[in-house]
Amino acid sequence: QVQLVESGGGLVQAGGSLRLSCAASGRTFSAYAAGWFRQAPGKEREFVAAITTSGARRLYADSGQGRFTISKDSAKTTVYLQMNSLKPEDTAVYYCAMGGTAYTSSNPRDYVYWGQGTQVTVSS
């Protein structure tokens with residue numbers, strides 16, 4: 001059984017930082033890229049960042065460019081999203097996704113497995 005479990009969300013003041021983690025279990029994702037998406041109330045799910053299996057290539061949405069960093073551990077089973085200089089508009093449920101593509105992709109349809117999400121709330 002495939003599982004992606006996110007953690008690290010919470011309440012933070014504007015300008016603060018959070019580090020999200022996504023732990024994968026149940027199968028090896030060595031051939032697939034990983035991504036982070038987010039969904040705010042009343043809005044569609046949007047791309048945040050993606051990273052290839054090797055970690056050599058990364059893709060960011062304009063909204064997080066320069067503030068967010070995606071990475072993965074050497075065992076390639078945990079993906080992280082370091083978020084700095086957070087803004088109230090970053091408030092959303094953040095989801096990690098894996099599988100389905102070996103390349104970085106901003107299209108949620110390219111990912112097969114999804115976590116349950118972790119809430120990030122940034123107060124002004």
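Numbers here are sequence positions counted from 1.
- Remark: M83 CE to R38 CZ distance equals 8.5 Å, nearest 0.5 Å.
- Taking CD1 of I51 as the start and CG of L59 as the end, the distance is 11.0 Å to the nearest 0.5 Å.
- For F68 against L86, the heavy-atom pair with the smallest separation is CE2-CD2, 4.0 Å.
- In this structure, T118 contributes its side chain and G9 its backbone to a donor-acceptor pair below 3.5 Å.
- Both V79 and Y60 are members of a single hydrophobic cluster when ILVMFWY side chains are connected at heavy-atom separations under 4.5 Å.
- Across K72 and T52, no two heavy atoms sit closer than the pair NZ-O, 3.3 Å.
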Please walk me through it: do F47 and F37 pass ring pair (Phe, Tyr, Trp, His ring centres under 6.0 Å)?
CA-CA 5 Å; F47 171 73; F37 292 78; 5.6 Å; yes

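- Using a distance-only test at 3.5 Å, with no hydrogens or angles considered, no donor-acceptor pair links the side chain of E6 to the main chain of C22.
- Heavy-atom minimum distance, A14 versus P88: CB-CD, 4.1 Å.
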Criterion side-chain contact (heavy atoms from CB on, under 4.5 Å) on S17 and Q82, from CA distance to verdict
CA-CA 7 Å; S17 298; Q82 177 68 43; 3.9 Å; yes

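- A cation-pi geometry, defined here as NZ or CZ lying under 6.0 Å from the six-membered ring centre and within 45° of its normal, holds between R19 and Y80.
- With sequence neighbours excluded, the residues satisfying side chain to side chain donor-acceptor pair (under 3.5 Å) with R67 are D90.
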Could you walk me through whether Q13 and V122 pass the side-chain contact (heavy atoms from CB on, under 4.5 Å) check?
CA-CA 5 Å; Q13 288 187 333; V122 184; over 6 Å; no

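- When atom types are taken as modelled, the side chain of T77 and the backbone of A24 share no donor-acceptor pair closer than 3.5 angstrom.
- Considering every non-hydrogen atom in both Q116 and V5, the closest pair reads OE1-CA, 3.8 Å.
- In plain terms, the two heavy atoms of T78 and S21 that are nearest each other are CG2-CB, 4.5 Å.
- Although no hydrogens or angles enter the test, the distance criterion places no donor-acceptor pair under 3.5 Å between the side chain of Y113 and the main chain of G100.
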Could you walk me through whether M98 and W114 pass side-chain contact (heavy atoms from CB on, under 4.5 Å), step by step?
CA-CA 7 Å; M98 291 185 187; W114 292 81; over 6 Å; no

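- Using a 4.5 Å cut-off on side-chain heavy atoms (C-beta onward), L18 and V120 make contact.
- Side-chain N/O atoms of D110 and S105 include a donor and acceptor closer than 3.5 Å.
- The two atoms that bring T104 and Y111 nearest to each other are C-OH, 4.5 Å, heavy atoms only.
- More than 12 heavy atoms of other residues, nucleotides or ligands lie within 6.0 Å of CD in Q65, so this atom counts as buried by the packing criterion.
- Follow the hydrophobic side-chain contacts under 4.5 Å out from L81 and you reach V12 in the same cluster.
- Judged by distance alone, with hydrogens and angles left aside, the side-chain atoms of R58 form a donor-acceptor pair with the main-chain N or O of I70 at under 3.5 Å.
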From CA spacing to verdict: side-chain contact (heavy atoms from CB on, under 4.5 Å), L4, Y95:
CA-CA 9 Å; L4 299 179; Y95 299 89; over 6 Å; no

